Amino acid sequence: MAIAAKAMQQQSTIHQTSQQEEDIRELAGSHILCEALVREGVELLYGYPGGTIMPFYDALTSYPTLHHVLVRHEQAAAHAADGYARATGKVGVCVATSGPGATNLVTGLATAYMDSTPVVAITGQVGRPLIGRDAFQETDILGVTQPITKHNFLVRNTEEIADIVHEAFRIARSGRPGPVLIDVPKDVQQAKAYYHPLAAMTSDEYLCLHVSPRPAAYLLSHAGQLIAQSQRPLIMAGHGVILSNAYAELYAFAEKTSIPVITTLLGLSAFPDTHPLHIGMPGMHGPAHVNEAIGVADLIIGVGLRFDDRVTGKVSEFAPHARIIHIDIDPSEMHKVKVATVPIVADAKVALSALTEVVAPDDKNVWLEEIRSWEAGDNERLQGVRRNNELPDPIGIMQAIRTATNGEAIIVTDVGQHQMWAARHYCWTRPNSHITSGGLGTMGFALPAAMGVKMGWPDSTVWVVAGDGGIQMNIQELATLQQEGLSVKVAIMNNGYLGMVRQWQHFFHADNYSETPISGPDYVKLADAYGVTGMRVTQREEIETAVQHAMQIEGTVIIDFVIESEANVFPMVAPGSAITNMIKEVPEEKS
């Protein structure tokens, strides 16, 4: 506390001194908006202009450090900002006009909200005298987005713009991150006011004064006792580990306690798959040995996760013998799904570090060996499963991408069967290398999100893995990628179906494939039309060559992998069932 107080005093002194030297100017609201964004360190914006946001775009040309990316659909702007934020840890920014421009951001904002991504959306609004009068392109975007943002603002006076921008960035970044919307009427952008650059703290200045508190000693002590007493403990690492940059702390805690580690869908790449303690992903499509381990565990240490229904299955039968230590920065997550024996409301990085200090070194090798024996038995069973050896296979595609990139690629997946194949069969070793839409499950997410990822990490290799359904939802962003000169590699797992929906229809609707067969364009011709490279792969032996060739080509490349039309993701847990009650692949019967 003394350190925080000293830092605050120093910041206050600097702040006051700087205020005396600041350049106070009279500016239009649109320019003040740009000035505040520059002061927040914004470098990239994704957006689409229109009538009510036009003053902002007029001012934007005077600020060359603000690089604006003209997307082809506003939903893509929100997803690109989301991808940029997930990859870099910075706040992603998207911009749209009022009415349809603003409402087109909604799916992207909901995606960011569900997955705790810091995004600031700036929307134009009709002039103040017209609000509430059903003016052209007027929509109550505050009312629309209230349930799917951490906060939203209607800027009523030009003098408020800078303060609101800095507050929006602070809210987006602090605590559990999330999206914030700023709605700016056109006349507020046009009116002039005196801009005081240093009148408000930036989000950086604010957050450096707010040190995450250490968890209470009695909670750490209780957690330490439960860990010492446990015989079959598991660590479940979620997205919060990545958001708090707690990789080293998770690693140290797991190694000191020898507790096996599970990573959720959004927690993949929080802990290396190659580590001897890592056992896999849990839930609806998790490998059998992981779900079986949860079924008999006596302690679950959940770090930065919310016990999503795709993880737990039937809640009453999830980890029925286990006590739970739940670490999460959001107090509303405590006891929401599973009652925690020890609820620790704290930043994952701080909590894991503190918990590592209080636990004694331990050896859980007997428990780990038991889990590995289940895994070996399952792998032996899978050897008898019949495979199509001619068409490209999803597992082979993911392994080829892994080999060609030495595991250093950032993989951005869409939503569906391919998402699960990628999650299960790519070996995740680079921290924060797996980016997907988890909570909302947004088809069309991957391509624009990958654009944000690539612009955040321009020197990294970025691969999109998508299905032939989801890729068509925002495929127009190939034009944006080409215009920006970006190199993103795209693997389409093309089975001619909305694959995951078809799989559910197969298991739960007696093969009634209602509206799931889907056609698509010739992706090679489409790629050429957009000015990028396209390839088609129809044979399994062509996979590695195609992936390696794509890596050698400059610019964006699409590979259309024509896979088995009715391939399923296994195992699978039926909705409402316990995760230990899995539908497994059946080996071919011997005659």
Side-chain angles (χ1 to χ4, degrees), residues 263 265 268-269 272-274 278-291 375-430 433-434 436 446 463-468 470-471 489-497 499-500 502-503 506 535-548 550-551 559-572 582-588:
T263 43
L265 178 65
L268 291 174
S269 75
D273 285 11
T274 51
H278 186 262
I279 61 172
M281 183 182 81
M284 179 172 281
H285 295 292
H289 67 277
V290 175
N291 289 339
E375 181 181 20
D378 205 50
N379 289 338
E380 184 178 350
R381 180 184 60 81
L382 290 173
Q383 295 301 313
V385 175
R386 182 184 63 83
R387 305 291 181 193
N388 182 317
N389 292 317
E390 296 181 1
L391 292 172
D393 65 302
I395 297 174
I397 293 167
M398 296 314 304
Q399 291 174 342
I401 294 173
R402 163 77 185 182
T403 299
T405 62
N406 295 317
E408 287 300 312
I410 302 177
I411 310 295
V412 187
T413 68
D414 219 84
V415 174
Q417 288 180 312
H418 65 276
Q419 180 187 32
M420 295 299 108
W421 282 318
R424 286 283 313 280
H425 300 293
Y426 186 87
C427 185
W428 307 100
T429 52
R430 171 177 171 168
S433 58
H434 174 255
T436 195
W463 274 84
V464 166
V465 178
D468 51 319
I471 195 66
K489 314 305 179 185
V490 183
I492 301 174
M493 296 191 185
N494 185 352
N495 58 11
Y497 278 102
M500 188 60 83
R502 182 212 58 77
Q503 179 168 332
H506 168 66
M535 295 186 282
R536 181 176 295 107
V537 176
T538 59
Q539 298 295 317
R540 180 170 296 202
E541 61 266 21
E542 298 172 348
I543 294 174
E544 290 185 12
T545 301
V547 170
Q548 290 170 357
M551 291 288 292
I559 309 178
D560 178 17
F561 290 103
V562 182
I563 67 170
E564 185 180 350
S565 61
E566 295 189 18
N568 292 316
V569 177
F570 290 103
M572 180 181 186
M582 292 163 278
I583 301 169
K584 300 180 181 180
E585 261 182 307
V586 180
E588 186 176 18

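Keep in mind it's a predicted model, so treat the numbers as computed, not measured. Every heavy atom of this structure was used, including side-chain atoms; hydrogens, water molecules and symmetry mates were not.
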Could you list the donor-acceptor pairs under 3.5 angstrom formed by side chains in residues 391-404, with sequence neighbours left out?
residue: Asp393; atom: OD1; partner: Arg540; partner atom: NE; Å: 3.4
residue: Asp393; atom: OD2; partner: Gly396; partner atom: N; Å: 2.8
residue: Arg402; atom: NH1; partner: Cys427; partner atom: O; Å: 2.6
residue: Arg402; atom: NH1; partner: Thr429; partner atom: OG1; Å: 3.0
residue: Thr403; atom: OG1; partner: Gln399; partner atom: O; Å: 3.0

Could you tell me which non-hydrogen atom of [X] sits nearest to which non-hydrogen atom of [Y], and how far apart they are?
X	Y	value
Asn495	Gln417	ND2-OE1, 3.2 Å
Asp378	Ala288	OD2-CB, 3.8 Å
Lys584	Pro571	CG-CB, 4.4 Å
Glu585	Phe570	CG-CD1, 2.9 Å
Trp428	Ala423	NE1-O, 3.1 Å
Ser433	Ser269	N-OG, 3.2 Å

Return the set of residues passing side-chain hydrogen bond (donor to acceptor under 3.5 Å, both in side chains) with [X] (not counting sequence neighbours), or none when no residue passes.
X	result
Asn388	none
His285	none
Asn494	Asp560
His425	none

Problem - Pairs touching residues 413-430 that satisfy salt bridge (charged side-chain N to carboxylate O under 4.0 Å, His left out), sequence neighbours left out - result: none
Practice task
Look at the side chain of Asn568 and the backbone N and O of Gln503, then say whether any donor-acceptor pair between them is shorter than 3.5 Å.
Solution key: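 No, Asn568 side chain to Gln503 backbone: no donor-acceptor pair under 3.5 Å.
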Working to the nearest 0.5 Å, report the span between [atom1] of [X] and [atom2] of [Y].
X	Y	atom1	atom2	value
Thr538	Ile563	OG1	CD1	13.5 Å
Trp463	Ile410	CH2	CD1	14.5 Å
Met281	Asp273	CE	CG	10.5 Å

Problem - Atom CD of Glu390 with >12 non-hydrogen neighbours under 6.0 angstrom - result: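 At most 12 heavy atoms, drawn from other residues, nucleotides or ligands, come within 6.0 Å of this atom.
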Residues in side-chain contact (heavy atoms from CB on, under 4.5 Å) contact with [X], at least two apart in sequence or another chain:
X	value
Asn379	Glu375, Leu382
Thr436	Leu265, Leu266, Thr413, Gln419, His434
Ala546	Val537, Ile559
Ala567	Trp421, Glu564

Exercise for the section: Compare all side-chain heavy atoms of Val465 with those of Phe561 and state whether any distance is below 4.5 angstrom. Expected result: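 Result no, sub-4.5 Å side-chain heavy-atom pair not found.
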